[in-house]
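So you know, we letter chains A, B, ... as the sequences are listed, proteins then strands, and number each from 1.
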Amino acid sequence: MSEAMLRLIDVSRVFQLGGGLFSQPRLLHALDGVSLDLHKGEVLALVGESGSGKSTLSRILLGLDKPTAGDVLFDGRSIRKLPRREFTQRVQPIFQDPYSSLNPRKTVRQIIEMPLILQGRHSRAERLRRVRELLDLLRMPARMLDAYPSQMSGGQRQRVAIGRALISRPEVVICDEPTSALDVSVQAQVLNLLMELRAELNLTYLFISHDLAVVEYIADRVAVMQAGKIVEIADVDGLFSRPQSDYTKNLLASALVIPEMADVEPVAGQK
Amino acid sequence: MSSPSLEQGLSNQIADLRPTPSQLMWRRARNHRGLAIGSLIVFIVLLCGLAAPFIAPHDPYAQDLTKRLLPAVWSENGTWEHVFGTDALGRDYLSRILYGARISFLIGISAALGSCLIGAALGLLAGYYGGRVDSVVTFFVSVRLALPVVLVALATVSLFGGKLWIVVAVLSLLLWDRFAVVVRSATMQLRSQEFVVAARAMGCSTPRILLGELLPNLVGPLVVVGSLEIAHAILLESALSFLGLGVQPPTPSWGLMVAEGKGMIFFDSRLIALPGAAIALLVLGINLVGDGVRDVLAPEGKA
Amino acid sequence: MSSPILSVRNLCVTVPTPTGPLEAVRGIDLSVARGETLGIVGESGCGKSVSSLALMRLLPSFIKVDADAMELCGIELLHRTERQMADLRGDRIAMIFQEPMTALNPVLTVGRQMTETYLRHRRAGRREARERAVDLLVRVGISRAAERMKVYPHQLSGGLRQRVMIAIALLCDPDLLIADEPTTALDVTVQAQILDLLADLQRERGLAMIFISHDLGVVARVSHRVQVMFSGQTVDAGPMRELLVHPRHPYTRALLSCIPRRGQRWGKDKLGAEQEASA
Amino acid sequence: MLRFILSRLAIAIMVAFAVSGICFGLMFLAGDPALAIAGEGATEADLEVIRRRFGFDRPIIVQYGSWLLHVVQGDFGDSYYFGTPVVSLIAERFRATLKLGGLAILVALVLAVPLGILAATSQNRLADRIALTIGTIGQATPSFWLGLMLISLFAVELRWLPVSGSATFAHFILPSLVLGYYAAPSMLRLCRAGMIEALRSDYVRTARAKGLLPVQILGGHALRNAILPVISVAAVEFGFILGGSVVVESVFGIRGIGMLAWESISRNDFPTVQAIILIYAMLYVWLTFLADVINAWLDPRIRMN
Amino acid sequence: APEVNSLVWASDREVTAVDTYYDTSREAVVLAQHVYDGLIYWDQEAEAFLPLLATSFRQVDAVTLEFDLRDDVVFHDGSSFGAEDVVYTFNFIADEANGVLNYGDIRWLKSAEAVGENTVRLNLHEPFPAVQSYLALVLPVLPNGHFDSAEEGAGGQKRYSSVPPNGTGPYKVTDFSAGERIVMTANEDYFGDGPKGRPAIETMTYRTLSDGSTQIAELMTGGVDWVWGLSNDQSDALSQAPHLTTVNAPTMRISYLTFDLQGSSGTDIFTDRNVRRAVGHAIDREQIATFLLGENSEVVNAACHPIQFGCTDDVMVYDYDPEKARSLLATAGYPEGFSVDIYGYRDREVTEAIAGDLAKVGINTNLRWMQYSALADLIRQGNAPLANMTWGSSSIPDVSAVTSYFFGGGPDDPANDEKVTAAIRKGDLSSDPEERQEAYAQALGMIAEQAYWLPLFSYTKNYSFDSRLDFTPSADELPKFYSASWR
Ligand SMILES: Nc1ncnc2c1ncn2[C@@H]1O[C@H](COP(=O)(O)OP(=O)(O)OP(=O)(O)O)[C@@H](O)[C@H]1O
Ligand SMILES: Nc1ncnc2c1ncn2[C@@H]1O[C@H](COP(=O)(O)OP(=O)(O)OP(=O)(O)O)[C@@H](O)[C@H]1O
Ligand SMILES: [Mg+2]
Ligand SMILES: [Mg+2]
């Protein structure tokens with residue numbers, strides 16, 4: 001874990017709120033001088049309360065939004081100078097909501113092969129072959145090929161979204177709360193799948209979540225965000241055993257995790 | 001449908017496929033009474049229009065001044081020669097009503113298509129880009145809404161004459177607002193959906209997103225608004241013709257026929273009742289279809 | 001614990017769908033005693049909300065509800081008229097919903113929405129109703145309660161709104177409180193506060209509570225007893241502790257294994273191992 | 001709130017400006033206004049006189065500019081046809097149209113709101129079907145045709161009501177029915193949809209869970225929310241009714257502003273047509289503004305921001 | 001008779017002023033006849049000019065007319081009528097700056113002067129034989145200083161048309177709501193020995209009802225007593241009603257086709273005389289006249305109305321002969337016919353019928369309907385290949401009001417044929433009736449021969465009114481309610 005695949009240098013993003021013909025816009029600092037390195041092959045988790053700027057950060061990393069100040073380097077080059085096609089092929093997203101992240105008017109096959117069509121280097125047959133291959137990898141039956149999103153369950157949809165992100169063989173995958181809309185059982189499957197694919201395809205993940213347990217389960221390193229700033233960044237073990245900032249401690253305290261089976265206490269009864 | 005609770009969770013992978021969206025739509029469409037009645041009306045009127053050259057008993061333009069204002073077959077002196085009688089120039093009324101269906105459809109559909117093109121384009125741009133583009137389009141829409149349609153249409157048609165294409169062009173230029181508004185708000189909703197963001201993140205170009213990702217999702221609202229606008233255009237054309245500033249004679253337009261027969265309303269009411277009822281029936285049918293399509297596409301409860 | 005406040009036997013709910021009837025709930029039994037909290041967990045769509053709405057008789061009329069018995073403090077609920085049911089709701093049996101953003105009427109003040117409930121069930125003047133409402137707002141931990149009576153829901157944060165909902169539910173001292181995922185829409189920190197509040201109130205007033213969630217962590221924090229639902233049926237039930245330690249049903253075990261715990265890491269200790277075994 | 005009003009005002013002015021430009025341009029494309037004034041049989045010399053008298057010999061942009069300058073001062077010029085100030089002409093005619101529009105919107109509301117509520121509460125049952133059918137037929141019937149039919153029934157056959165004119169209240173009954181019936185369906189649908197949405201909403205479920213009675217829920221909770229869009233649409237619809245009253249006014253011989261507009265169009269009476277279109281545009285802008293204000297006033301979510 | 005001695009009549013026109021100088025519509029002329037008097041009076045039946053405000057008149061020389069005035073006349077406001085009123089009126093309208101709308105009718109008028117207490121002289125720019133017709137119909141006398149009270153309007157012009165009417169005529173205007181109704185009551189002080197006589201009906205109301213069927217509905221329900229301008233079919237149907245009288249009366253309006261003779265409209269089809277003649281033979285004018293215009297309509301062959309002075313029927317006649325029309329078209333090089341735009345503005349039914357006849361010989365027309373002013377503009381600029389127009393000659397019973405207008409070389413002359421203009425000029429300037437007649441006949445003969453115009457038929461007007469009303473329509477389309485009465 002030496003090379004930084006993606007590197008944020010002092011990135012800020014300011015939104016102008018309101019502001020019409022006769023009023024001054026209000027400024028909102030969604031990101032405030034954030035610097036962060038994403039190393040090759042690691043899983044970096046980003047946690048923080050709602051509105052702390054996690055999604056804004058991911059949008060900037062994906063090139064969907066431009067930082068107000070600072071720069072993002074990919075493989076040592078500024079993403080502003082990188083050809084868009086090359087960048088999108090190597091960095092792919094997975095979004096939170098499996099219900100809205102798939103176009104309801106397209107079939108699974110059309111959705112998954114889209115990145116290949118955009119690359120424009122593959123024949124029809126070739127694309128179909130790769131989609132089938134990927135469905136296999138995702139452990140989805142081939143008959144799903146011509147299904148529409150509305151015909152699938154949330155977990156299946158999220159798999160399709162993962163498939164779409166992986167078909168162009170990217171190096172970095174940015175996951176913005178990929179499991180928070182899912183049931184625990186489905187979440188477990190998706191998490192496991194993501195981790196298996198990581199090993200198989202040699203992927204680097206930026207994993208955004210507000211669920212500390214999930215983060216502990218999969219991440220190598222954790223960055224904690226609060227109000228547009230990174231307040232703490234550490235190895236996963238270090239963070240959970242020795243949280244440094246107050247905010248992190250508070251976060252850890254309010255997390256609801258199932259107690260270990262051994263030390264279950266009838267919590268409510270005793271209080 | 002198998003029990004939905006089984007589809008999720010543990011039995012995720014073995015779950016059967018639910019019906020496709022189009023299957024669901026068909027199912028809803030088949031059970032929709034209004035849609036059935038509306039489609040039947042529209043189908044019959046359309047058939048009358050298309051088959052007019054074969055089923056019309058006479059040439060709708062052939063005048064014979066010696067056979068003026070013959071009564072309809074159900075009146076005292078009616079004959080089967082002229083089922084609906086003849087008009088003031090001795091033209092067969094049934095044939096004119098049959099041919100009139102063509103005019104109404106032609107005007108309704110082309111005006112709706114024209115305005116759909118304008119409105120959808122503006123609405124897409126406004127909804128997708130937002131910000132300044134949106135302000136400009138919203139301004140256009142306000143200006144358009146502020147113009148009183150009937151008056152402006154009257155003024156324009158009176159200036160440029162009542163050629164069919166002019167009427168269509170004027171109506172297209174005046175009826176695009178609802179398309180723009182609906183497409184704009186639908187696009188705004190879609191724009192924030194993650195599949196659009198995903199498409200951008202994957203490197204789709206803007207035209208591809210607009211036409212490939214967004215447009216297919218707008219077909220539903222467009223069809224609904226389109227059908228309402230067809231009806232609207234037909235009504236508006238008939239009103240313009242009634243005021244003497246729509247399509248010109250001898251075109252067998254229903255609105256024009258009402259206008260031509262208007263003078264005789266108290267003496268020979270068939271002259272107005274028949275074309276008027278034809279307009280009402282067709283518009284009713286189209287509206288029923290429009291409502292039906294909306295119900296089928298967006299069943300109550302979930303979109 | 002004393003005789004149950006609520007006892008339901010063999011509750012069945014059938015939803016007619018275009019493809020035939022769907023049995024959303026198929027024969028569950030519920031019983032809650034005074035001072036007890038019953039937790040119900042289960043995955044999305046397993047019938048939790050439908051059962052609770054069936055208890056309140058709030059399901060639309062086309063949905064068929066049937067049970068061998070459905071009694072609240074000895075009052076038969078199943079065959080009451082809508083008017084009789086309305087007299088009970090809000091008075092003897094109250095409910096809190098998941099979405100605090102939409103559960104309050106946006107165009108009415110908090111005060112109006114509170115007092116109207118009290119006035120509906122108690123012979124009281126406006127003044128008394130107001131005092132009672134302010135009292136409860138204070139009780140659920142809302143500061144400047146008198147001022148907040150004049151406020152509209154959109155002016156309150158999600159956590160405050162949920163507190164208002166709780167206050168409304170408790171206005172008439174109900175025998176039974178049903179909370180359907182009351183914290184799902186809230187932030188983790190706020191969620192913790194609300195859960196503690198509910199547990200406090202429940203203990204203090206000794207009311208019976210049914211607490212519904214899909215999150216076992218949440219249920220574990222407030223419930224004495226848990227019932228695990230799967231596909232419209234109860235698959236496992238028992239005291240909280242016992243269930244966590246000795247899950248009887250394979251589904252419960254699978255469910256438990258899917259929940260990430262402290263210290264559990266990918267590679268060392270795979271999530272949902274039970275689930276895979278059972279599939 | 002002040003900022004809201006100011007920005008709306010700026011937009012209103014911009015809209016009015018655009019509309020004035022459009023109608024001035026439109027009118028410029030018309031035939032020679034001098035011919036319209038002179039009527040049949042005018043010679044070139046007559047036309048020259050008229051052109052000079054009315055200033056048609058100036059460049060278009062100058063004409064527009066001077067017109068606009070006067071308009072800003074509330075002077076729309078003289079009608080070519082009547083030779084009297086357009087403002088007084090319109091003021092005189094507006095009364096009838098306003099009366100017609102007011103009655104029509106009343107008819108529409110009286111028809112739409114109760115039917116909409118009835119339809120929503122008996123969704124998909126007979127009453128709902130009937131209400132929707134009444135609405136759909138209203139939308140499909142050409143108003144000129146309905147007007148003629150009503151005249152031949154109530155005025156000529158039964159002789160209950162006068163045929164045409166605007167002298168008494170009775171004169172307005174049929175036209176406002178026709179116009180109101182045409183405007184009602186859109187409000188009916190809106191009211192029904194709003195009511196259905198409200199009845200299905202979480203807060204109504206809460207109200208039911210609180211044990212409130214159906215009347216309390218309907219009147220105190222659902223209607224309050226469902227009526228919001230209906231009121232604002234009614235305000236805007238009022239503008240459309242006024243703008244669309246041409247046909248009904250011509251059928252019922254009401255010498256209101258719609259009729260004036262139509263006749264002025266036929267006789268190329270530029271200043272009158274321009275003034276009417278502009279006034280309608282301003283009225284529309286003002287009504288939408290009013291609708292927003294009413295909405296804001298009724299809806300605390302908007303009022304507070 | 002009805003209980004109240006009043007009459008309500010309706011027409012579709014909004015009258016802006018009861019003043020023929022600032023509203024040239026026919027309804028305004030009709031109303032003005034009742035409120036004002038001219039110097040002389042045209043008696044339709046006797047076909048003679050009778051004295052009205054003038055007791056006698058004489059021609060001093062070719063450009064000077066002298067009138068002796070009545071001395072017993074008062075205006076409605078009580079002021080008495082005298083030479084100064086006549087002088088004021090004619091000098092006012094002769095001043096181009098005052099912009100009277102019928103200035104075209106009075107270009108011959110130079111000035112007026114009083115030559116005695118009750119004698120005035122009119123000075124003309126050039127000899128104008130038809131002067132009496134104009135004096136009788138469209139040149140009423142206003143009181144001295146009538147327009148002084150006109151307010152200043154926008155752009156500095158005076159609002160002459162808003163000056164309240166004040167005349168000497170048999171009726172006074174008592175209520176004027178522009179565009180809605182105009183109420184008049186009988187003038188108690190009217191001189192009864194004039195040709196108009198004393199009015200019998202107490203109150204007369206004019207209502208504007210723009211819609212024809214509304215007029216009929218009002219007529220049937222008694223809301224109005226008198227309407228005109230009905231279609232033949234309406235008139236036929238109304239004649240069934242026992243309480244109504246319907247009359248079909250001839251008018252001075254004729255219908256004609258005018259061609260683009262210069263080939264400036266983008267097609268030069270009609271520059272060929274054979275084509276124009278073919279059009280003449282293609283249209284069954286007889287049938288259209290009888291079926292669409294009514295019993296009193298007659299086919300017109302010369303470019304004038306047969307009852308006008310100077311008109312003749314002795315010109316080349318294009319009878320209905322489709323075969324001949326086809327062969328003429330073939331000669332002109334259109335054996336298969338052609339397509340062309342036909343313009344119209346007045347009676348759709350008539351124009352449609354013409355188009356239908358033309359279609360039968362292979363001339364396919366595309367009907368374009370326009371406002372009169374726009375169409376007149378188009379024709380003047382030579383941009384309308386074929387148009388069905390009408391002309392009412394302002395009811396002037398003299399060909400100068402039609403033939404001279406269209407073929408005298410003015411801006412509306414489609415032909416500009418020197419020989420024709422010369423003949424017309426001769427007729428216009430001569431004061432010898434026979435010489436005039438001869439000159440006009442020559443011109444009309446040439447026009448017909450060349451088929452510069454295709455005159456079609458004369459118009460009729462259908463009247464329908466309460467059967468109890470004693471009313472006779474006249475051919476000049478100017479109903480005289482002052483001589484009507486309730487039976
Ligand atoms: N396009 C935008 N315009 C204005 N403000 C924005 C925009 N996008 C985000 N924000 C604001 O920036 C802040 C950070 O938002 P962001 O979506 O990054 O938070 P988050 O950490 O992802 O929250 P969550 O956990 O709820 O997803 C928020 O206050 C948000 O309101
Ligand atoms: N009105 C309805 N019409 C049709 N089906 C319904 C209706 N209400 C509930 N269902 C079905 O009943 C089943 C149980 O739904 P329910 O809302 O009780 O689930 P839940 O356990 O509360 O899930 P969640 O955790 O997502 O709230 C689901 O399959 C649902 O689709
Ligand atoms: Mg986010
Ligand atoms: Mg639920």
Euclidean distance, Thr136(D) OG1 relative to Ile37(B) CD1, rounded to 0.5 Å:
10.5 Å
Walk me through whether Leu147(B) and Tyr280(D) qualify under side-chain contact (heavy atoms from CB on, under 4.5 Å).
CA-CA 7 Å; Leu147(B) 288 170; Tyr280(D) 271 138; over 6 Å; no
Shortest non-hydrogen pair, Ala146(B) vs Val15(D), comes out as CB-CG1, 3.7 Å
Between Ile234(B), Leu154(B), Val150(B), who has the most heavy-atom pairs with chain D when the cutoff is under 4.5 Å?
Leu154(B)
Atom pair CG/OG of Leu151(B) and Ser245(D) - distance to nearest 0.5 Å
7.5 Å
Tightest non-hydrogen contact, residues Ile279(B) and Pro142(D), listed as CG2-CG, 3.7 Å
Does any backbone or side-chain atom of Val258(B) lie under 4.5 Å from a heavy atom of chain D? Answer side chain, backbone, both or neither.
side chain
Can you tell me which portion of Ala259(B) sits under 4.5 Å from chain D's heavy atoms? Options are side chain, backbone, both or neither.
neither
Flag the pair Asp291(B) / Arg189(D) as yes when at least one side-chain heavy-atom distance between them is below 4.5 Å, and no otherwise.
yes
Could you tell me which of Phe140(B), Phe266(B), Phe242(B) has the largest number of non-hydrogen atom pairs under 4.5 Å with chain D?
Phe242(B)
Would the distance check show the side chain of Trp145(D) and the main-chain N or O of Ile272(B) forming a donor-acceptor pair, the cut-off being under 3.5 Å?
yes
Audit row: Phe144(D), Leu235(B), side-chain contact (heavy atoms from CB on, under 4.5 Å) steps and yes/no
CA-CA 10 Å; Phe144(D) 55 87; Leu235(B) 273 183; over 6 Å; no
Side chain, backbone, both or neither of Ser152(D) within contact of chain B (heavy atoms, under 4.5 Å)
both
Specify the closest pair of heavy atoms between Val283(B) and Ala140(D), including all atoms of both residues, with the distance to one decimal.
CG1-CA, 3.4 Å
Which residue out of Ala273(B), Ser142(B), Gly285(B) racks up the most heavy-atom pairs below 4.5 Å with chain D?
Ala273(B)
Distance, nearest 0.5 Å, that separates CG of Leu288(B) from OG1 of Thr133(D)
8.0 Å
Heavy-atom nearest pair, Phe139(B) first then Ala18(D), reads CZ-CB, 4.1 Å
Please report the shortest heavy-atom distance between Trp262(D) and Leu243(B), naming the atom on each side.
CZ2-O, 3.5 Å
Heavy-atom cut-off 4.5 Å, strictly under: side chain, backbone, both or neither for Ala231(B) against chain D?
neither
Please classify the contact between Arg33(B) and chain D as side chain, backbone, both or neither, with a heavy-atom cut-off of under 4.5 Å.
side chain
Closest non-hydrogen atom pair between Phe240(D) and Leu145(B), with its separation:
CE2-O, 3.8 Å
Part of Phe17(D) lying under 4.5 Å from any heavy atom of chain B:
neither
Taken to the nearest 0.5 Å, the spacing of Ile265(B) CD1 from Leu148(D) CG works out to 4.0 Å
For Leu278(D), is it the side chain, the backbone, both or neither that has a heavy atom under 4.5 Å from a heavy atom of chain B?
neither
